[in-house]
There are 2 protein chains.
Amino acid sequence: MKYGPDWQPPEVDWTSTRGRILLAAASLFAARGFFGTSTRDIADAVQIRQPSLFHHFEAKHAIYQSLVELDLGPSVARIRQYLAEDISWAAKLHLTIACDVRQALDQPFDSRGLYQDAVLSLPELADERAGIAVFHELVERVVTAGCEAGEFVAFEPGFVQRAMNGVLFETLREQGGPGGRVRGRRPLEAADFVLRALLVDNGDLADLQAATMARLTAIPRGRG
Amino acid sequence: MKYGPDWQPPEVDWTSTRGRILLAAASLFAARGFFGTSTRDIADAVQIRQPSLFHHFEAKHAIYQSLVELDLGPSVARIRQYLAEDISWAAKLHLTIACDVRQALDQPFDSRGLYQDAVLSLPELADERAGIAVFHELVERVVTAGCEAGEFVAFEPGFVQRAMNGVLFETLREQGGPGGRVRGRRPLEAADFVLRALLVDNGDLADLQAATMARLTAIPRGRG
DNA sequence: GTCTATAATAGGATAGAC
DNA sequence: GTCTATCCTATTATAGAC
């Protein structure tokens with residue numbers, strides 16, 4: 001099942017025409033939005049003719065769909081893994097945020113144009129809506145458990161999930177997407193910001209930072 | 001000057017055709033985005049013919065522009081006022097966040113479809129881009145001063161401004177816009193979340209809450 | 001101030017040659 | 001796998017009657 005425990009998105013050869021379409025479309029979606037980008041714009045950027053796109057993707061929304069899969073799939077997989085590990089709830093959340101920011105800054109395509117409600121409400125993107133709902137549910141589970149364990153103060157989990165997403169998205173918007181000069185500390189800063197808001201005892205933060213940093217540096221960089 | 005110290009948006013009669021166009025357009029922009037909403041969609045919702053729109057607004061983007069003015073104008077005016085008051089930096093920021101959320105939930109139109117980079121990059125919306133930049137600059141000024149005064153921990157002001165915006169926007173998305181059952185505590189929760197992340201001493205939070213609450217209840221409600 | 005009629009263009013997608 | 005040619009629809013906006 002898509003976005004299920006054993007699913008992962010198909011590999012992409014970024015030098016192939018299909019890969020270059022995805023890269024160009026992602027940049028255009030980020031700059032002008034899905035509806036503000038025409039298939040001609042994308043084709044021009046890849047230097048092919050507009051109808052040739054439809055040999056690689058059945059429709060415009062399929063390009064967007066593939067990009068969401070590539071961005072969301074690993075995020076869902078990671079938080080599933082952290083949930084299974086024997087670490088504190090705070091550590092699970094800190095890792096989730098930091099690794100999500102790090103992935104978005106490391107991956108070759110720009111993810112800032114994805115996750116727009118107006119696009120996701122297209123009927124063809126039902127799987128992606130469901131996948132996002134799964135991610136949100138897993139985050140809420142961590143927040144709820146962290147509250148019950150006394151690690152977090154009592155905000156509503158739904159609110160926290162939203163607030164965390166807001167911090168995540170805006171951090172990416174600020175960074176200007178892949179290719180910008182990455183501020184290396186942003187993944188940790190974003191995670192620290194959210195955890196400081198949640199933690200009952202901010203004294204725990206230094207340990208979280210050290211643990212997350214150790215695992216962040218273990219992620220392969222520069223895939224693009 | 002638009003969005004300057006003495007500027008405020010023109011009053012709107014929400015029962016007039018012009019007002020009803022703004023209300024309908026705001027809801028549609030929130031649900032399907034600016035580019036995903038056609039002038040026909042808006043006209044249908046107001047029960048007039050599509051060309052009649054152009055008697056009230058010179059172009060589609062002028063509708064969007066008016067909505068941004070109505071939402072952003074009061075926000076900029078408020079933060080200017082808080083900057084002039086003799087209260088702590090933390091109080092200025094707490095008030096800014098809480099009152100912004102409260103306004104968005106109280107005003108008659110849905111503001112969730114505004115502030116999209118893809119739309120704001122239209123050349124006709126240069127004033128609105130500038131207005132948003134002014135708001136961001138004023139927020140950063142509060143954050144920077146709060147850090148220097150030792151009230152806030154040392155995050156980068158630009159990052160904090162982004163994170164705060166993310167929390168703001170996502171809080172509104174969660175609430176479902178005006179007309180949804182407003183969770184009365186959301187303005188305070190959003191402000192608390194950001195201030196907890198920033199404050200060196202979380203013990204100051206209770207005072208902030210009390211001060212903000214006193215001024216929030218003084219805002220007239222139910223304009224819609 | 002709202003209407004009908006229509007201009008002018010841009011959009012996504014298909015057919016079929018090479 | 002890419003091309004040219006083209007279809008069909010939707011879109012923003014204008015003209016001019018009432």
Side-chain angles (χ1 to χ4, degrees), chain A residues 10-29 31-68 113-114 116 118-126 128, chain B residues 10-29 31-68 113 116 118-125 128:
Chain A
E11 284 257 329
V12 174
D13 171 7
W14 298 107
T15 65
S16 71
T17 303
R18 188 189 148 88
R20 295 191 307 127
I21 290 169
L22 289 169
L23 292 173
S27 294
L28 287 163
F29 292 163
R32 309 196 320 232
F34 178 79
F35 293 112
T37 302
S38 74
T39 53
R40 284 183 168 79
D41 294 334
I42 301 170
D44 285 353
V46 187
Q47 301 203 343
I48 58 177
R49 301 296 174 218
Q50 179 259 354
S52 303
L53 284 182
F54 294 85
H55 177 78
H56 301 277
F57 295 91
E58 61 171 65
K60 185 189 176 187
H61 64 76
I63 303 175
Y64 182 92
Q65 189 170 31
S66 294
L67 288 168
V68 174
L114 313 178
Q116 305 277 342
V119 188
L120 291 163
S121 67
L122 293 175
E124 295 90 346
L125 296 177
E128 279 59 48
Chain B
E11 284 259 330
V12 175
D13 172 6
W14 298 108
T15 65
S16 69
T17 303
R18 187 190 149 89
R20 295 190 307 124
I21 290 169
L22 288 169
L23 292 173
S27 294
L28 287 163
F29 292 163
R32 313 204 305 240
F34 178 80
F35 293 111
T37 301
S38 74
T39 52
R40 275 183 169 78
D41 295 333
I42 301 169
D44 285 352
V46 187
Q47 300 203 348
I48 58 176
R49 303 293 176 221
Q50 179 260 351
S52 302
L53 284 182
F54 293 86
H55 176 78
H56 302 277
F57 295 93
E58 61 170 83
K60 184 189 176 187
H61 64 76
I63 303 175
Y64 182 92
Q65 188 170 31
S66 293
L67 288 167
V68 174
Q116 304 277 344
V119 189
L120 291 163
S121 68
L122 293 175
E124 295 89 348
L125 297 176
E128 280 57 49

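Since the model is a prediction, treat every value here as computed from it, not as a measurement. Residue numbers start from 1 in every chain, and the chains themselves are labelled A, B, ... in the order their sequence lines are given, proteins ahead of strands.
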Problem set entry | 5'-most by nearest nucleotide on DNA chain C - Gln50(A) or His55(B) | His55(B)

Exercise. Which one, dG12(C), dC3(D), dT4(C), comes nearest to the side chain of Pro51(A)?
Worked result: dC3(D)

Problem set entry | Protein-nucleotide distance (Ile21(B), atom CD1; dT12(D), atom C1'), rounded to Å | 15 Å

Exercise. Does Ser52(A) have a side-chain nitrogen or oxygen under 4.0 Å from the phosphate oxygens OP1 or OP2 of dC3(D)?
Worked result: yes

Exercise. Relative to Phe34(B), does Lys60(B) satisfy both conditions: NZ or CZ under 6.0 angstrom from the six-membered ring centre, and within 45 degrees of the ring's axis?
Worked result: yes

For this session: Over all heavy atoms of both residues, which pair between Leu67(A) and Leu22(A) is shortest? Give the atoms and the distance, please.
Result: CD2-O, 3.7 Å

For this session: Find which nucleotide of DNA chain D each of Arg20(A) and Lys60(B) is nearest to by heavy atoms, and output the residue with the more 5' nucleotide.
Result: Arg20(A)

Problem set entry | Canonical and wobble pairing (Watson-Crick, G-U, under 3.5 Å) of DNA chain D, dot-bracket with | | |||||||.||||||||||

For this session: May I have the distance from Arg18(B) (atom CZ) to dT2(C) (atom P), rounded to whole angstrom?
Result: 13 Å

Seminar exercise, completed: Between Phe57(A) and Ser66(A) the two heavy atoms that sit nearest each other are CE2-OG, 3.7 Å

Exercise. What integer distance in Å separates Phe54(A):CZ from dT6(D):P?
Worked result: 19 Å

Problem set entry | Atom pair distance, as rounded to whole Å: NE2 in His61(A) and P in dA13(C) | 7 Å

Exercise. So, is Thr39(A) near the phosphate of dG11(C), with a side-chain N or O under 4.0 Å from OP1 or OP2?
Worked result: no

Exercise. Can you tell me if the side-chain N/O atoms of Thr17(B) get under 4.0 Å from OP1 or OP2 in dG1(C)?
Worked result: no

For this session: Give the rounded distance in Å between these two atoms: CD1 of Ile63(A) and P of dA13(C).
Result: 9 Å

For this session: Rounded off to whole Å, could you give me the CG-to-C1' distance for the Asp41(A) and dA10(C) pair?
Result: 11 Å

For this session: Could you tell me whether Thr37(B) contacts a base, only the sugar-phosphate backbone, or nothing, with contacts defined as non-hydrogen atoms closer than 4.0 Å?
Result: sugar-phosphate

For this session: Using only side-chain N and O atoms of Ser38(B), determine if any of them is under 4.0 Å from OP1 or OP2 of dA10(D).
Result: no

For this session: List the steps, then state whether side-chain contact (heavy atoms from CB on, under 4.5 Å) holds for Phe29(A) with Ile42(A).
Result: CA-CA 9 Å; Phe29(A) 292 163; Ile42(A) 301 170; 4.2 Å; yes

Problem set entry | Donor-acceptor pair between Glu124(A) and Gln65(A) side chains, under 3.5 angstrom | no

For this session: To the nearest Å, give me how far apart CD (Gln47(B)) and P (dC3(C)) are.
Result: 10 Å

Problem set entry | Euclidean distance, atom CG of residue Leu122(A) to atom P of dG11(C) [Å, nearest integer] | 17 Å

Problem set entry | Short side-chain N/O contact to dA10(D) OP1/OP2 from Arg40(B), under 4.0 Å | no

